[in-house]
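Letters go in sequence order (proteins before strands), and every chain restarts at 1.
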2 protein chains.
Amino acid sequence: MAPTIRDIARAAGVSVATASKGLNGKGRMRPETRQRILDTARELDFRPNRNASSLTTGRTYTVGLLTRDGYGRFTPPLLGGVEDSLSVDTASLLLCDARRDAVRERHYLDVLAARRVDGLIVTGRATDPAPPLPRSLPFPVLYAYTTSSNPDDSSITVDDEHGGWLAARQLLRQGCRRIAHVTGPISVLAVRERVAGARRALAEAGLELPDELITYGPFAERTGFDAAQKLMADGKVDGIFCGSDQIGRGVADALGGLGVGIPDDVALVGFDNWTLIANATRPGLCSVDMNLYRLGRLAAESLLRAIDGNPEPGIRRLPCSLAIRASCPAPITDSTEWLDDSPLVPDA
Amino acid sequence: MAPTIRDIARAAGVSVATASKGLNGKGRMRPETRQRILDTARELDFRPNRNASSLTTGRTYTVGLLTRDGYGRFTPPLLGGVEDSLSVDTASLLLCDARRDAVRERHYLDVLAARRVDGLIVTGRATDPAPPLPRSLPFPVLYAYTTSSNPDDSSITVDDEHGGWLAARQLLRQGCRRIAHVTGPISVLAVRERVAGARRALAEAGLELPDELITYGPFAERTGFDAAQKLMADGKVDGIFCGSDQIGRGVADALGGLGVGIPDDVALVGFDNWTLIANATRPGLCSVDMNLYRLGRLAAESLLRAIDGNPEPGIRRLPCSLAIRASCPAPITDSTEWLDDSPLVPDA
DNA sequence: GTGAAAGCGCTAACAT
DNA sequence: ATGTTAGCGCTTTCAC
């Protein structure tokens, strides 16, 4: 059996209470005593039972992560950020995948409550507001990436409007004057916000993004491929803002097939900065990065503050940044576009 | 504060001990008493504190998942399987990403020990044998996907030799006689095993896979693209086994550019069954599926048995299956090739 | 069939 | 500066 604090106390010749204080750096005591306790603890390879201590302290240093629909493309970087921020507080992550299933979700909430987690992070596939969790929970909740439709809840998500603005402005800086947009389904909130952002950027340049130049479709290469064919047949577009890197890849392939030069004839900006795709595209696809690792970090930090009694209700939107590549190489002119402080987190 | 078992006992008019037995379905007691206890527990929304009970029972119903290098492309389906198998035992998953960093790994092992997890699953990016964990742990360990170089440990991984065999045989059944192989770095164990499997399949048909027809390179589209150009220039290959779907995509693009018909001139089989890529390829890329969801399930089940005192040392290799698509559409003739019992797990 | 009592490993007042 | 005591929420003998 693993040694208990009693074993340490006995071996160090002190009482259990003193051993506890010694180990936790609390209370006052002779430095040599503390050292002796620490030494014997090391010798016996003592590891205090966290479950026992959380019984008295009331804190478990455990946070749940409930994902509502699986671990998609966007979860891993977010997870990495969450984990990194939690580990500075020596907190751990309990994983729960509810798979869009209300029964599973309910089940997991029970499990998390039974484990007395200190808090919960809820995430999901899209940034669209999600139905809030079914009942009032005995711990603070933070929605990350996805948002809660209840304004009293705390959410941190991507500023897609800003992302759209960044993308369009990059095309403008490349010299594009007639810009089209090929993107995902209009039912997706992020898609609509990116459109709004792109329009704002164009308006700032005295230009427009008319409805005829926007193509909505599934987030897939095919959408980009087909749309690009049509756009080239119709008129003289000189820049395309693609709503995802997959779409961008499809567009690039179509343009390549038509002998249209990228970026000289038509410049391209994608979205997601999915390096696997962006780098496989010829030429490399310039892309908007949602900084999900950062989102994960900030989400965990905010949750830790909520756990400490300082919740931050409302929706916070984080700016995107730009990964410049050859498909739209206009150089960066200010620093806000490259916020990527992520360490190497596997991205695909 | 959350109600304790004492609250339940008092409200139900029984002792704490009886309440405990009633709630856990243990001991003998009047059915009406048990019912009364259960009812009041529900009324008060009582959720027994698992940390407290694990103090006495010695089991935490928590399993750690240590990934040595991030959440890559292969982790999510594996995670899903692990979670599903654990949840039948109402066990939870504690997530630890060591990021190839020995210090982090050591840290997480301490954390997991302090939390008294019942067991640990270790996973990693490649199936290559990994250095075993640094010291003897106070709980059973199971290596999933990656394997341990210590034969006393338990590992469950993919049978890449079988995968290579499946792929080559599918090409043979399509009628191919001169088959080439474009794959990842030869330093990767899985790459070498797939070569061996492909060779076995060809040998069974009285054919060979000479070294000149094997191209090793990074797991990237470019590798496939370049290799395909060369292969078409050199000789009359009529089938290509691609070591990953990314490579397959590159090969398909090159063939398309050269006007080579797929599958009639050259048939293609990929590896990974990464639907996002396989479906984006024209035509759809037939691919070997490693059944990682299933691997995750079996890993968790084996670990649970180890926790119950029945470890299963050694390395177990799970067969692959085949996802037939248009790039090599020869029909299935036996059932072993399509084992995919996964539910819908997000795949990208 | 039910309850009293002890104890799991640890922390925290309160002595001394 | 150190030890005594009580108790966190639960389970588990062992009496009654």
Can you list the residues that meet the side chain to side chain contact (heavy atoms under 4.5 Å, CB included) rule with Pro132(A), with sequence neighbours excluded?
Tyr143(A), Ser148(A), Ser149(A), Asn150(A), Asp153(A)
Residues which pass side chain to side chain donor-acceptor pair (under 3.5 Å) with Ser53(A), listed by chain and number, not counting sequence neighbours
none
Near DNA chain D, under 4.0 Å by heavy atom, which residues of residues 33-45 of chain B?
none
Listed partners of Thr56(A) passing side chain to side chain contact (heavy atoms under 4.5 Å, CB included), at least two apart:
none
Applying side chain to side chain donor-acceptor pair (under 3.5 Å), name anything that partners Thr123(A), two or more places apart in sequence or on another chain.
none
Mind checking ring-ring contact (aromatic ring centres under 6.0 Å, His included) for Tyr108(A) and listing every partner two or more places apart, or none if nothing turns up?
none
Residues in side chain to side chain contact (heavy atoms under 4.5 Å, CB included) with Val16(A), at least two apart?
Ile5(A), Arg6(A), Ala9(A)
Interatomic distance, CG@Leu303(B) vs CD@Glu312(B), rounded to 0.5 Å, equals 10.0 Å
Return a single string for nucleotides 7-12 of chain C, one symbol per nucleotide in 5' to 3' order, where B is base contact, S is sugar-phosphate-only contact and - is none, cutoff 4.0 angstrom on heavy atoms.
BBBBBB
Only counting residues at least two apart or in another chain, list the ones meeting ring-ring contact (aromatic ring centres under 6.0 Å, His included) with Tyr145(B).
Phe74(B)
Bending between helix ends of the helix from dG1(C)-dC16(D) to dT16(C)-dA1(D) [5 pairs per end, 10° resolution]:
40°
Bounds of contact between DNA chain D and chain B, in 5' to 3' order, using a heavy-atom cut-off under 4.0 Å:
dC8(D) to dT12(D)
Identify, with sequence neighbours excluded, every residue that meets side chain to side chain contact (heavy atoms under 4.5 Å, CB included) alongside Ala306(A).
Pro140(A), Pro311(A)
Would you say that Arg99(B) contacts Asp84(A) through its side chain, given a criterion of any heavy-atom pair below 4.5 Å between the two side chains?
yes
Considering every strand and a 4.0 Å limit on heavy-atom distances, what is the contact class for Arg28(B): base, sugar-phosphate, or nothing?
base
With Leu120(B), which of Leu65(B), Leu109(B), Leu94(B) fulfils side-chain contact (heavy atoms from CB on, under 4.5 Å)?
Leu109(B)
Should Leu133(B) and Arg68(B) count as side-chain neighbours, where that means a heavy-atom distance under 4.5 Å?
yes
